[in-house]
Q: 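First, the structure itself, so that you have it in front of you.
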2 protein chains.
Amino acid sequence: MRSVPTTPAPEPAEPAEPAPAAEPRVPGRSRARGEQTRQLILDTALRLFRERGFAETTMRAIAKEAGVAVGNAYYYFDSKEHLIQGFYDRNQAAHAAAAAPLLASEKDFAARLRGVLHAGIDVNAPYHAFAATFFKSAAEPTSPLSPFSAESSPAREAAIAIFRDVVEGSSVKVDPELRRELPELLWLGWMGVVLFWVYDRSPGQRRTRRLIDGAVPLVDRLVHLSRLRVLRPALRQVLSLLELVKAD
Amino acid sequence: MRSVPTTPAPEPAEPAEPAPAAEPRVPGRSRARGEQTRQLILDTALRLFRERGFAETTMRAIAKEAGVAVGNAYYYFDSKEHLIQGFYDRNQAAHAAAAAPLLASEKDFAARLRGVLHAGIDVNAPYHAFAATFFKSAAEPTSPLSPFSAESSPAREAAIAIFRDVVEGSSVKVDPELRRELPELLWLGWMGVVLFWVYDRSPGQRRTRRLIDGAVPLVDRLVHLSRLRVLRPALRQVLSLLELVKAD
DNA sequence: CCGCCTTCCTGAACGTGTTCAACTATGACG
DNA sequence: CGTCATAGTTGAACACGTTCAGGAAGGCGG
């Protein structure tokens, strides 16, 4: 033990930390005492998921490895599946970061799209085995992990923003009405690629790479064709169907 | 009594059953003694799934309701999720049956497709709440319940057969190469509709109905456009991408 | 120093899906 | 009828995710 036990030390008793810096220090919720524990649990969980797989990692193992009680994990995370949301957010940020350099330099639409898609697969590649299992959770419509859920809304918006950048930062000429819908459509296509990737059991997931390389020129061609007069009605039909289906 | 007890009776000794009729009677696996139990368990399970939901129905409840031990259910079904395969098969057959009358009379491609899609939703409608949960299982790529798995291959082939009928029984004129691939493509589209339906929380799943009504004319138009010269290269591109992606 | 509140943390206990060694029924063979 | 193998059946036991009543920690007002 250190210092006097009889008097309340006037200093906040910060032992030897390198200054907590810009911590807002909310009255009710004081400093990030537990935030550290939260991160510890999350880090441990994601590491074990990667090492052993999702189903094979028990909550007891996570708690033991992190040096806390099993109930403590449930103080910070509602369920085992909620631990995945952390993975989700991290990879979303990593995807944006990985795509940034290309989006800053390249101007060609197809090249931008292709780069973003491959970057997304690159970022997720280490987690392919794990993703297949966790996808099970994300697929349930009622789950907060669903990419369409309200809880995922921030992550979804961030993802769509990448594709908005793909479109708006490019020199491509598109039908203006399509241009407005394109980012969301591309994101939906990206979800399809992810779905394919999750199911892709080929070595190194090369089928997914092929799919991207084959689909991008196709999308590029279709986007260019969108200004063709013969296809006007068909395009209108597609767009109005989108509206119809999104409503309610 | 009749005949000598010391000699093996020449007749096979069939007590008092009302003639088992055309039962093949395989040597190793004799009559369907346990097949009855199997059906009892499956019926009970599906009923409880419908009444209470999938997650809320415990294996113990199924066993108790069926009047058997819990272990007995596992003698016939590898897991709780495997009970779903039964649901899967039954609805597949119901879909084919529901679509049959229309496919026998209607000749117009769009009408045939539309009818088949709506029939599929009709058949599955009573199970919408339950399907959302069970979809979680089907989504896992490694699961035998996945529509792409080897175990689901018979059901998948049967489903594709419906769409082959849609194409071949219609008077539509299509690019011959596309015509060959069309059934599988339509099945894939149907999987997409099901995916949408599972996520559809609108009252009566009317958004799914709208999607079908909107998408069918679109597909019809695209199929007709497939013979247009300007679109030949694009079509070739789509088809070769399909080949590329299906390989390995 | 003393209560007192909130945040943080604990581990036993509950209900679940699943397994398994043991038991019973059934029919085939001599 | 006796014997034996196989199909069918049992329920206790296991490991898991999750819950919960309660305890510790750390500040805050007196």
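Below, read A as the first sequence line, B as the second, and so on, with proteins coming before strands; counting in each chain starts at 1. This structure is a prediction, so every number in the text was calculated from the model and none was measured.
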Q: Tell me: OH of B:Tyr76 to P of C:dT18, nearest whole Å?
A: 18 Å
Q: Could you grab the distance from atom CZ of B:Phe77 to atom CZ of B:Arg38, nearest 0.5 Å is fine?
A: 4.0 Å
Q: When you measure from every atom of DNA chain D, which of residues 65-74 of chain A have a heavy atom less than 4.0 Å away?
A: A:Val70, A:Tyr74
Q: Please report, rounded to the nearest Å, how far the P atom of C:dT19 is from the NZ atom of B:Lys80.
A: 14 Å
Q: Quick check for you: to the nearest 0.5 Å, what is the distance between A:Arg156 atom CZ and A:Ser146 atom OG?
A: 8.0 Å
Q: If a pair satisfies side chain to side chain donor-acceptor pair (under 3.5 Å) and one of its residues is in residues 53-70 of chain B, list it, with sequence neighbours excluded.
A: B:Arg47-B:Glu65
Q: Look at the side chain of B:Arg60 against the base of C:dG15 and say whether a donor-acceptor pair falls under 3.5 Å; ignore hydrogens and angles.
A: no
Q: State, to the nearest 10°, the angle formed by the axis through the first five base pairs of the helix from C:dC1-D:dG30 to C:dG30-D:dC1 and the axis through its last five.
A: 20°
Q: Return the residues of residues 46-55 of chain B meeting this criterion: a heavy atom under 4.0 Å from some atom of DNA chain D. Order them by number, or give none.
A: none
Q: Could you state the OH-P distance from B:Tyr75 to C:dG17, rounded to the nearest angstrom?
A: 22 Å
Q: Identify the two heavy atoms, one from A:Gly34 and one from A:Tyr76, that lie closest to each other, and give their separation to 0.1 Å.
A: CA-OH, 3.1 Å
Q: Rounded to whole angstrom units, what separation is found between the CD atom of B:Gln36 and the P atom of D:dG8?
A: 12 Å
Q: Would you kindly check if the NZ (Lys) or CZ (Arg) of A:Lys80 is within the cone defined by 45 degrees around the ring axis of A:Phe54 and under 6.0 Å from the six-membered ring centre?
A: yes
Q: Is it true that A:Arg210 and A:Asp200 have a side-chain N and a carboxylate O under 4.0 angstrom from each other?
A: no
Q: Could you state the atom-to-atom distance from CZ of A:Phe77 to P of C:dC9 in whole Å?
A: 12 Å
Q: Expressed as a whole number of angstroms, how long is the span from A:Lys64:NZ to D:dA15:P?
A: 13 Å
Q: For A:Arg90, is the CZ atom crowded, meaning more than 12 foreign heavy atoms sit under 6.0 Å from it?
A: yes
Q: Rounded to whole Å, please give me the gap between CD1 in B:Ile84 and C1' in C:dG17.
A: 13 Å
Q: Which residue pairs satisfy the side chain to side chain donor-acceptor pair (under 3.5 Å) criterion with at least one member in residues 117-130 of chain A, sequence neighbours excluded?
A: A:Asn91-A:Asn124, A:His118-A:Arg209, A:His118-A:Asp213, A:Asp122-A:Arg209, A:His128-A:Gln205
Q: OP1 or OP2 of D:dA15 sitting under 4.0 Å from any side-chain N/O of A:Thr58?
A: no
Q: Hey, could you give me the OH/CD1 distance between B:Tyr74 and B:Ile41, rounded to the nearest 0.5 Å?
A: 11.0 Å
Q: Under the side-chain contact (heavy atoms from CB on, under 4.5 Å) rule, collect the residues that match up with B:Asp165, sequence neighbours excluded.
A: B:Leu103, B:Arg112
Q: Measure the distance from NE2 on B:His82 to C1' on C:dT18 and round it to the nearest whole Å.
A: 13 Å
Q: Can you say whether the rings of B:His95 and B:Phe163 are parallel (under 30°), tilted (30 to 60°) or perpendicular (over 60°)?
A: perpendicular
Q: Check whether any side-chain N or O of A:Thr37 sits under 4.0 Å from OP1 or OP2 of C:dC9, and answer yes or no.
A: yes
